Structure formats: C-alpha cells, structure tokens
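Before any comments, here is the structure.
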2 protein chains.
Amino acid sequence: MTVTLKDIARQVNRSVTTVSRALHDYADVSPETRALVRRTAEQLGYVPNVVARRLQKQRADAIGLILPSYGPRLSDPLFADILSAAADEITRAGLDLLISIVHRPEDEVAPYYQRVGERRVDSVWVVHTRCHDRRIAYLLERRIPFVAGGRVLEDWVFPYVDVDYARGMHSLVSHLIQLGHRRIAFAGESAELTAVHYQREGFRHALQEHGLAIYEDLIVESNPTQRGGYDAAQTLLSRRDAPTAIIAGNDMMALGVMSAIQDQGLEVGSDVAVAGFGDIPLAETSHPTLTTVRVPAQQMGRVVGQMLVMSARGQEISNPYVLLQPELIIRQSTDLDLWL
Amino acid sequence: MTVTLKDIARQVNRSVTTVSRALHDYADVSPETRALVRRTAEQLGYVPNVVARRLQKQRADAIGLILPSYGPRLSDPLFADILSAAADEITRAGLDLLISIVHRPEDEVAPYYQRVGERRVDSVWVVHTRCHDRRIAYLLERRIPFVAGGRVLEDWVFPYVDVDYARGMHSLVSHLIQLGHRRIAFAGESAELTAVHYQREGFRHALQEHGLAIYEDLIVESNPTQRGGYDAAQTLLSRRDAPTAIIAGNDMMALGVMSAIQDQGLEVGSDVAVAGFGDIPLAETSHPTLTTVRVPAQQMGRVVGQMLVMSARGQEISNPYVLLQPELIIRQSTDLDLWL
DNA sequence: TTGTAAGCGTTATCAT
DNA sequence: ATGATAACGCTTACAA
C-alpha cells in the first residue's frame with residue numbers, strides 16, 4: 001500500500017541509496033537520475049517515513065509540553081496565545097509539538113524523563129516556573145534539553161524566556177502613586193510562582209522608592225481566576241483602612257476585583273482603582289476599561305518556540321536568557337477621566 | 001549512553017529476543033529469567049525506544065490535531081476545555097497528541113495526508129466542521145482515519161461528536177417567547193459552520209412552532225468574538241423595529257452584545273434580553289449574569305479523545321455518532337428578577 | 001556516478 | 001525456555 005524508497009528504486013532500476021541521495025539533492029547524483037527519481041517518487045506518491053528516519057537519525061524531531069492540570073489553563077487567554085505562537089514556530093521548523101497533561105504534582109517530573117528517554121521528544125518546554133522548581137532541578141540533573149517559560153530564584157543556568165514583571169509592576173505602582181493613591185493592595189497567585197514573586201518584589205520596591213509604607217496585609221494570595229479576584233477584593237475592602245487601589249496578578253482576577261467593587265456599590269476608577277496584568281482582549285472592552293501591564297504573549301511564544309527548536313536540534317541557543325519588557329496600558333479603571 | 005535491549009541481553013547472558021519477551025511478560029520465559037531481566041533493566045535504567053517500536057509495529061501511536069489559525073482559537077474557553085479533556089484521554093492511553101497550526105484555508109487538507117503518510121500520526125482530529133467540509137471529503141476519499149468534532153450536511157458516514165445546537169436553540173427561543181419576546185435576533189458566526197447552521201435551524205424552527213414570524217434581517221453574521229457581538233448588537237439596535245432579545249452564537253459574543261446594549265444606555269434583561277451559548281465561567285459572573293445554553297465541553301473532550309484512541313488503534317469505534325445534549329441555564333440577562 | 005553493507009532498536013517468525 | 005534471523009524504512013560509510 002505505502003510507497004517506500006525500495007519501491008522507487010525498483011521502478012527506476014537504481015539502488016535505494018541512490019534514490020535516497022537523489023531525493024536529498026546530493027551533489028553526486030547525475031541530473032538524469034535525480035530527475036527520474038523525483039518524477040517517479042511524485043508519480044508513486046512517495047511520502048517519507050519519518051519514524052524510520054528518526055530511528056536512523058536518533059532524533060525525535062519533536063518537542064514536548066507537559067501541562068500540569070493545576071498550572072496554567074489552556075483557556076488562559078495569555079497562555080493560549082503563547083502556545084499558538086510557539087506551536088507555529090515549531091511546526092514551521094518541521095518538528096512536532098506533543099502535549100500531555102499531568103494531574104498530580106508528585107507525577108510532574110517523571111514524564112519529562114520518560115518522554116525523552118523513550119525518544120518521543122528531543123527537548124521539553126517547562127511552563128509556569130516556581131521560585132524553587134523541582135522540575136528544573138530534575139531536568140538539569142539529568143541533562144535533559146529544555147527551555148523554561150519563566151525564571152527561578154536559584155542560580156541555575158538554563159535557557160528561559162520571561163517577562164520583567166518587577167519592572168511592569170514598578171511602572172504600574174508609580175502610576176497609581178502619581179494619581180495620589182497611598183494604600184495600594186496586590187492580589188496575586190501563590191508567591192511560589194516566580195512571576196508572582198517578581199510582581200511582589202516590584203510592588204514593594206516601588207512603594208519604597210516613593211517613600212511609602214508597605215502594608216503587608218495588603219499583599220494577599222488568591223486563585224488566578226475571576227472568582228479569586230472577587231474574593232480577594234471582598235476581603236480587602238472589608239478591612240478598616242481599605243485600599244484605594246487594587247492590583248491583580250492577571251486580568252481575569254482584575255475583572256473579578258472590579259465586580260466585587262461594583263457589588264459593594266462602589267465605583268471602579270473613582271472610589272477604588274483597579275489594574276491587572278496581561279492585556280487580554282476583555283481588558284479593552286470591560287466597563288470601565290482596564291488598566292493593565294501588557295504581556296507580549298505572541299512574542300514570548302515565537303521566542304520560546306525558536307529556542308525549543310534549536311534546543312531540540314542540539315544546537316547552541318543563540319540568546320538563551322530572554323527577558324521581555326511589558327508595557328503599561330492606562331485605561332479607565334485607574335483614571336475614569338480617560339475616554340478611550 | 002542510552003540503554004538498549006542489547007545491553008540488558010549482554011548483561012544477563014541471554015538473547016535480545018528473550019529479554020524483549022521477558023519485559024513483555026510472555027508466558028514462555030522462565031520465572032528466573034524474567035526476574036533477572038526485570039531487575040537488570042531496572043538497574044541499568046532501561047527505557048524502551050518507542051521510535052524503534054513504532055517502526056517495527058508500523059504504528060505511530062499518535063493523534064494529530066490540525067488547528068486552523070482562522071478556526072477555533074485555543075483561547076476560546078470552551079475549546080480549551082474540550083482540548084484538555086481530550087489530551088488527557090489520549091495521554092492516558094499512552095498515545096501522543098500532536099498539535100500543528102495551519103494558516104491558509106488552501107493549505108488545510110494537505111497536512112492531514114502528510115502527517116499520516118509520514119507516519120507521524122495514526123488518526124486525526126478535525127475541529128470546527130463546516131456544512132460542506134473539504135477536509136472531511138478529503139479524509140474519507142483517502143481513507144485516513146479521523147474523528148470529527150462536528151457534523152456536516154452531506155450524507156457522509158464518519159465518526160463525530162457534536163452538540164445538539166438546534167435543540168439547545170429551541171429551548172432558548174421557547175424560553176424567550178414565554179417571557180413575551182416577539183422580535184428575537186440571532187447573531188452567529190458564519191453559517192458555513194455546521195454548528196451555526198443548526199443554531200439557525202433551531203432558531204427558525206422554534207419561532208415557527210410558536211406561530212411567530214421569522215424576520216430574516218434579525219438573523220445576522222458576525223465574528224465569534226466579543227467585538228463581533230458588540231458590532232452585531234449595534235447594527236441590530238439601530239434598526240427601526242429593533243429586537244427585544246438578542247441571542248449570540250457563543251458567550252463571548254453575548255458579552256459583547258451586553259456591552260453594546262449598555263453603551264446605548266439601555267438595560268440588559270429589561271430593555272433587551274441577551275443569551276449566549278457555551279456557559280463559560282464569565283457567564284456566571286458578568287453583570288447581569290448571562291443566560292446561556294451550556295455546552296458539555298469536558299464530556300465532549302473525553303468522548304472525542306476516546307474515539308480518537310480507538311481510531312488510532314485501528315479498532316472499531318463502539319459508538320461513532322455522538323450527539324450531546326446541551327442544557328439551558330437561565331440567568332439575569334433574560335430575566336432580571338432572578339437573584340442568583 | 002552508483003552500489004553494497006551496516007546499523008538505528010525493536011518485535012515477529014521459526015527453529016531448537 | 002531460548003535463540004538466530006529477518007524485518008520495519010531509512011541514512012551513511014565505504015567501495016567500486
């Protein structure tokens with residue numbers, strides 16, 4: 001049924017070797033043979049068997065993404081954009097992108113070793129890094145090629161792409177302070193996550209720099225969902241000395257924060273300012289529109305995709321430590337006068 | 001560096017054949033040998049090379065998802081949930097799920113043939129089916145194993161999982177009519193999509209059944225985004241004889257519809273009723289909360305995943321035509337009295 | 001310019 | 001109960 005090099009070879013009365021070389025445009029094949037082989041291959045509908053090639057080349061030509069079900073959800077718009085862009089880069093390069101889901105934290109490292117050991121993939125993509133990430137330690141220890149979406153707080157050396165959350169947070173807090181806010185809160189996901197760690201760091205640093213007090217009870221942890229934002233805001237607003245501004249770790253949380261404020265009969269932007277991180281499409285169309293720190297998701301995806309390709313090919317990664325700069329997008333939720 | 005069967009064989013002084021059989025629990029291996037082999041494999045850290053196995057078995061043990069960049073976005077919450085559940089089923093079965101992105105409609109069929117021909121995948125998953133879908137025609141013609149997420153309007157026979165949009169729409173329209181609405185609009189994506197076709201069909205059918213006129217100019221097409229819903233609502237509301245209820249093809253569009261209504265100074269739920277399809281998390285937390293036809297995304301994913309696994313294994317699919325029933329979720333956007 | 005032969009790591013067939 | 005041999009489809013020394 002399926003056509004192999006052997007079939008072509010028989011047809012054109014040449015050896016399999018010659019056919020292989022002809023198809024790969026080797027110089028030491030006569031033009032006539034090359035043409036004949038190509039024509040015949042076309043005619044017979046030859047499609048190379050990549051599995052055989054992989055066995056011979058000892059390369060899987062594939063990249064693995066292991067997605068913790070407790071980690072970034074595919075439905076997270078930002079992550080979806082990153083993933084799309086990365087998948088695009090990877091398929092463009094002729095490699096496969098394999099996705100698998102892992103449910104329990106205790107199973108989170110084994111799949112990496114397994115997939116690489118089994119030769120399913122050449123390199124893996126680690127997402128949602130934590131400050132002290134077992135996965136990274138494991139991969140480094142076993143010398144498994146990988147690229148991380150995010151840094152860690154250890155002084156380990158490995159390729160990563162990350163966003164400068166501290167800087168983004170700094171410009172956001174400065175913006176709020178300029179508007180006169182003195183009691184600013186931050187609600188983020190677990191501080192175990194490197195991203196959240198840097199958000200908190202930027203938060204504290206900005207307050208300090210402006211000579212403002214840091215109220216630790218205004219730094220809270222919550223789920224990275226709209227619901228999580230809602231709950232956190234409720235708690236914060238019920239405090240005596242409630243904050244006049246609430247920053248959320250991501251835009252979905254920020255939308256939840258806005259809901260909570262509105263449900264208390266307060267006005268977002270005047271009574272309480274709100275801001276998020278990400279700049280998902282909803283940020284622009286919410287009521288009021290949402291001030292946010294834009295994360296360059298597509299660029300992240302492109303870059304991480306390219307790095308993964310190099311890593312999978314065993315090439316040196318040209319620029320292995322990439323820190324992308326976010327951009328502050330000011331909208332109505334911090335400044336109602338804005339009519340965008 | 002990497003341990004193969006040969007290494008184990010040498011170590012235990014047996015043939016490669018025996019080692020292979022021992023590891024696969026064949027009956028014709030002595031208990032001692034089996035134990036010895038297992039122990040040694042463990043000790044040496046043997047990991048089977050699936051590429052070699054695939055070549056020998058002539059199976060890729062993998063499933064391909066080819067995602068049109070103009071089709072369902074990964075960030076579509078519903079699709080993300082379907083995909084997660086399917087990926088879970090697939091990896092549980094020991095198969096790989098490969099994702100690739102295709103950009104141009106003219107390139108949308110070739111990748112299927114290529115991936116299967118190259119033996120990268122055994123079976124493919126077609127999403128976002130259209131009424132007359134070239135992809136399905138192509139796959140059937142070439143006898144490529146596949147499972148479709150959605151039906152077509154041809155009388156072709158192939159395995160699919162779909163949602164009964166017509167029925168969902170019917171109960172939604174009935175609900176609105178009961179509330180007294182007579183001018184109901186529907187804004188959906190292109191009617192080329194089977195899902196939208198059935199939504200329209202259910203829409204017309206429900207009106208007919210209740211003896212109401214069908215105003216064709218209240219059936220409009222728009223992008224499946226919040227923006228698309230916003231624009232469609234603006235157009236609809238500017239008509240003389242504007243509708244008193246607007247149904248959107250999905251929840252994101254419905255949110256856009258709500259924004260447009262609010263921006264015109266009208267109240268959602270009293271002045272104009274709004275409903276969507278999907279029941280994404282945002283539907284429950286929007287202001288007002290959104291009436292919607294719940295799509296059982298996770299179940300869809302599980303089912304399609306299981307079907308793909310059977311298909312990839314060359315097994316007969318036990319129940320190849322699955323039509324899942326949606327559920328009407330009534331919230332404030334059609335009935336402001338509801339205090340949920 | 002072309003061909004022969006070996007090898008990638010596994011499984012299957014057929015002996016012993 | 002075990003082993004020798006071939007085969008899966010391809011690439012690549014090496015030889016001619």
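Here is how names work: the chains are called A, B, and so on, in the same order as the sequence lines, proteins then strands, and each is numbered from 1. A quick note: this is a predicted structure, and the numbers were derived from the prediction, not measured.
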Can you tell me the distance, in whole Å, between the NE2 atom of H24(B) and the C1' atom of dT11(C)? 8 Å
If I take atom CG in residue D25(A) and atom C1' in nucleotide dT11(D), what distance separates them, rounded to the nearest angstrom? 16 Å
Can you check whether any acceptor in the base of dG9(C) is under 3.5 Å from a donor in the side chain of Q56(B), or vice versa? no
Atom NZ of K6(A) to atom P of dT11(D): distance rounded to whole Å? 15 Å
Nearest-Å distance for atom pair CZ/P, residues R10(B) and dG3(D): 15 Å
Value in whole Å for how far the P atom of dC10(D) lies from CG of D61(A): 15 Å
Going by side chain to side chain contact (heavy atoms under 4.5 Å, CB included), V161(A) matches just one of Q299(A), Q306(A), R151(A), M300(A). Which one? M300(A)
Can you work out whether S15(A) or V47(B) has the more 5'-proximal nearest nucleotide on DNA chain C? S15(A)
Looking at E32(B) and R39(B), is there a salt bridge between them, counting it only when a charged N and a carboxylate O are closer than 4.0 Å? no
Taking atom types as they are modelled, would you say the side chain of T18(A) forms a donor-acceptor pair with the base of dT1(C) within the 3.5 Å cutoff? no
Between the side chains of S20(A) and T17(A), is a donor N or O closer than 3.5 angstrom to an acceptor N or O? no
Could you tell me whether V16(B) contacts a base, only the sugar-phosphate backbone, or nothing, with contacts defined as non-hydrogen atoms closer than 4.0 Å? base
Reading DNA chain D from 5' onward, which residue's closest nucleotide shows up sooner: V29(B) or P48(A)? V29(B)
How about E108(B) and Y70(B): does a side-chain donor come under 3.5 Å of a side-chain acceptor? yes
5'-most contact on DNA chain C (nearest-nucleotide basis), Y26(B) vs V51(B), goes to V51(B)
So for R54(B) and dG9(D), does any side-chain atom that can act as donor or acceptor lie under 3.5 Å from a complementary atom in the base? no
Closest to the side chain of R21(A), out of dT11(D), dT11(C), dC14(D), is dC14(D)
Counting any heavy atom closer than 4.0 Å, what does N13(B) reach on the DNA or RNA strands: base, sugar-phosphate only, or nothing? sugar-phosphate
Roughly how many Å is it from CD in E118(B) to P in dG9(D), rounded to a whole number? 15 Å
Side chain of T17(B), base of dA12(C): donor and acceptor closer than 3.5 Å? yes
With a 4.0 Å cut-off on N to O distance, would you call R38(B) and D25(B) a salt bridge? yes
Candidate nucleotides dC10(D), dC14(C), dT12(D), ranked by approach to the side chain of K57(A) - the nearest: dT12(D)
Which nucleotide sits closest to the side chain of R14(B): dT10(C), dC10(D), dT2(D)? dT2(D)
Choose from dT11(D), dT2(D), dG9(C) the nucleotide whose nearest atom is closest to any side-chain atom of T2(B). dG9(C)
L5(B) CG to dG3(D) P, straight-line distance once rounded to whole Å: 13 Å
For DNA chain D, whose closest nucleotide is more 5', that of R53(A) or that of A27(B)? A27(B)
Are the charged groups of R119(B) and D61(B) less than 4.0 angstrom apart, N to O? no
Considering just the side-chain nitrogens and oxygens of Q58(B), establish if one lies under 4.0 Å of OP1 or OP2 belonging to dT11(C). no
What is the distance, rounded to the nearest whole Å, between atom CG of N49(B) and atom C1' of dC8(C)? 8 Å
